[in-house]
Amino acid sequence: MGEKMRLDRLVCSQMPGVSRADVKKLCLKCRIKVNGKLARRSDAHVDTDDEIFVGDTRVVYKKYIYIMLNKPQGVVCSTKEGQSRTVLDLVPEEMRRKGLFPAGRLDKDTEGFVLITDDGELSHRMLSPRSHVPKTYLVMLRDPWKESYKQAMAEGLVIDGGEKCLPAEFTGSAENDRQCTLVLHEGKFHQVKRMFKILGNEVVFLKRTAIGNVSLDPNLPVGSCLEIMHKDVENLLTH
Ligand code: URA
């Protein structure tokens, strides 16, 4: 058994662009079926587990949606429309819903994994300073990385303004002396860039490749979205 909900509310919550008035009209036109029977009234109460069809489209109720976006450079992690395109502009029509927001931010020039959701409670757990959900970044540096970075990062760097960072895991690439990965357990403003700056280097390209135990799908093109399941999202919080 799911939850009880008005038919019009359920349909509107799952089908972007469909209004309550539309659901009423669809009922009158005999276009909606609930468990095989025509729905006559849009204000009828249904169960969220009921089998609901609008025309030929099955409406499967999902309380929340979780979207993995491979963010391109030049797009901002904001819900407000300003001069720049926002991550919400990249969500395809079939994944759109009211109340979507990016759970966490990447800089405008950073690429990679952004979680977009309408689940405020999960986002709060993920972003809480006490949660320490690890975030993995692929970093390209201006100058070759040094062996000493590993220990400096592991001890917790003090960055500009005297902010002390939590211990982070640095791994230099064996193939490319300007490439490395860094795992952070917090999210200070411009943190990766500021950490390398204090070490005398500079980040020239940055991409987030994982949040918690969930990796950015390597087949997901930059600028594209992929719906992920709630159970996978719980993995974001396991570390
Ligand atoms: N650290 C940065 O400097 N920028 C980001 O976008 C994310 C982490």
Side-chain angles (χ1 to χ4, degrees), residues 67-80 82-91 101-117 123-146 149-150 152-173 176 178-218 220-225 236-237 239:
I67 300 164
M68 173 187 284
L69 166 69
N70 189 354
K71 177 189 160 321
Q73 293 182 325
V75 173
V76 292
C77 285
S78 155
T79 50
K80 300 212 175 64
Q83 301 288 71
S84 309
R85 274 197 309 161
T86 78
V87 287
L88 295 186
D89 296 327
L90 299 175
V91 176
F101 60 92
R105 282 167 188 261
L106 289 180
D107 297 338
K108 189 171 176 180
D109 60 356
T110 301
E111 256 185 47
F113 189 176
V114 175
L115 179 73
I116 298 175
T117 185
S123 162
H124 181 74
R125 276 196 287 152
M126 192 179 115
L127 299 176
S128 137
R130 271 171 284 116
S131 79
H132 302 318
V133 172
K135 315 233 170 57
T136 307
Y137 294 91
L138 170 74
V139 188
M140 296 301 293
L141 296 167
R142 181 194 59 205
D143 303 323
W145 53 266
K146 296 187 182 141
Y149 290 180
K150 195 171 187 68
M153 299 279 193
E155 283 171 358
L157 284 179
V158 178
I159 48 178
D160 55 311
E163 270 185 274
K164 170 96 174 152
C165 298
L166 289 175
E169 291 107 59
F170 169 89
T171 314
S173 160
N176 184 336
R178 285 175 171 78
Q179 185 180 316
C180 57
T181 56
L182 189 64
V183 182
L184 298 187
H185 298 268
E186 59 187 338
K188 299 187 196 299
F189 184 63
H190 294 330
Q191 187 166 351
V192 177
K193 291 172 189 160
R194 288 161 74 204
M195 287 169 91
F196 283 101
K197 189 166 175 220
I198 214 81
L199 295 170
N201 211 323
E202 193 190 325
V203 172
V204 295
F205 174 80
L206 187 59
K207 179 171 187 130
R208 183 154 70 193
T209 55
I211 306 176
N213 290 338
V214 180
S215 294
L216 180 68
D217 185 325
L220 185 64
V222 176
S224 296
C225 288
L236 287 169
L237 299 164
H239 47 94

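Both ligands and their constituent atoms are indexed starting at 1 by order of listing.
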Is a donor on one side and an acceptor on the other found under 3.5 Å between the side chain of [X] and the backbone of [Y]?
{"X": "Asp143", "Y": "Asn201", "answer": "no"}
{"X": "Ser131", "Y": "Met126", "answer": "yes"}
{"X": "Lys71", "Y": "Lys108", "answer": "yes"}
{"X": "Lys135", "Y": "Arg208", "answer": "no"}

### Task
Answer with side chain, backbone, both or neither: which part of Asp107 has a heavy atom less than 4.0 angstrom from an atom of ligand 1?
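It is both backbone and side chain that touch ligand 1.
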#### Entry: ligand 1 versus Leu206: contacting region, heavy-atom distance under 4.0 Å
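The answer is the side chain of Leu206.
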Polar contact flag for [X] and ligand 1 (N/O pairs, less than 3.5 Å):
{"X": "Tyr137", "answer": "no"}
{"X": "Arg105", "answer": "no"}
{"X": "Val192", "answer": "yes"}

### Heavy atom of the protein closest to atom 3 (O) of ligand 1 (residue, atom name, distance)
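The closest one turns out to be His190 C, 3.0 Å.
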### Query
Are Tyr149 and Met195 side-chain neighbours, meaning at least one heavy-atom pair lies under 4.5 Å?
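Tyr149 vs Met195: side chains apart.
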### Task
Among Leu69, Thr86, Ile67, find the one that has a side chain to side chain contact (heavy atoms under 4.5 Å, CB included) with Val91.
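Filter result, single survivor: Ile67.
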### Query
Under 4.0 Å from any heavy atom of Thr110, which atoms of ligand 1 are there?
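Atoms satisfying the 4.0 Å criterion: 4 (N), 5 (C), 6 (O).
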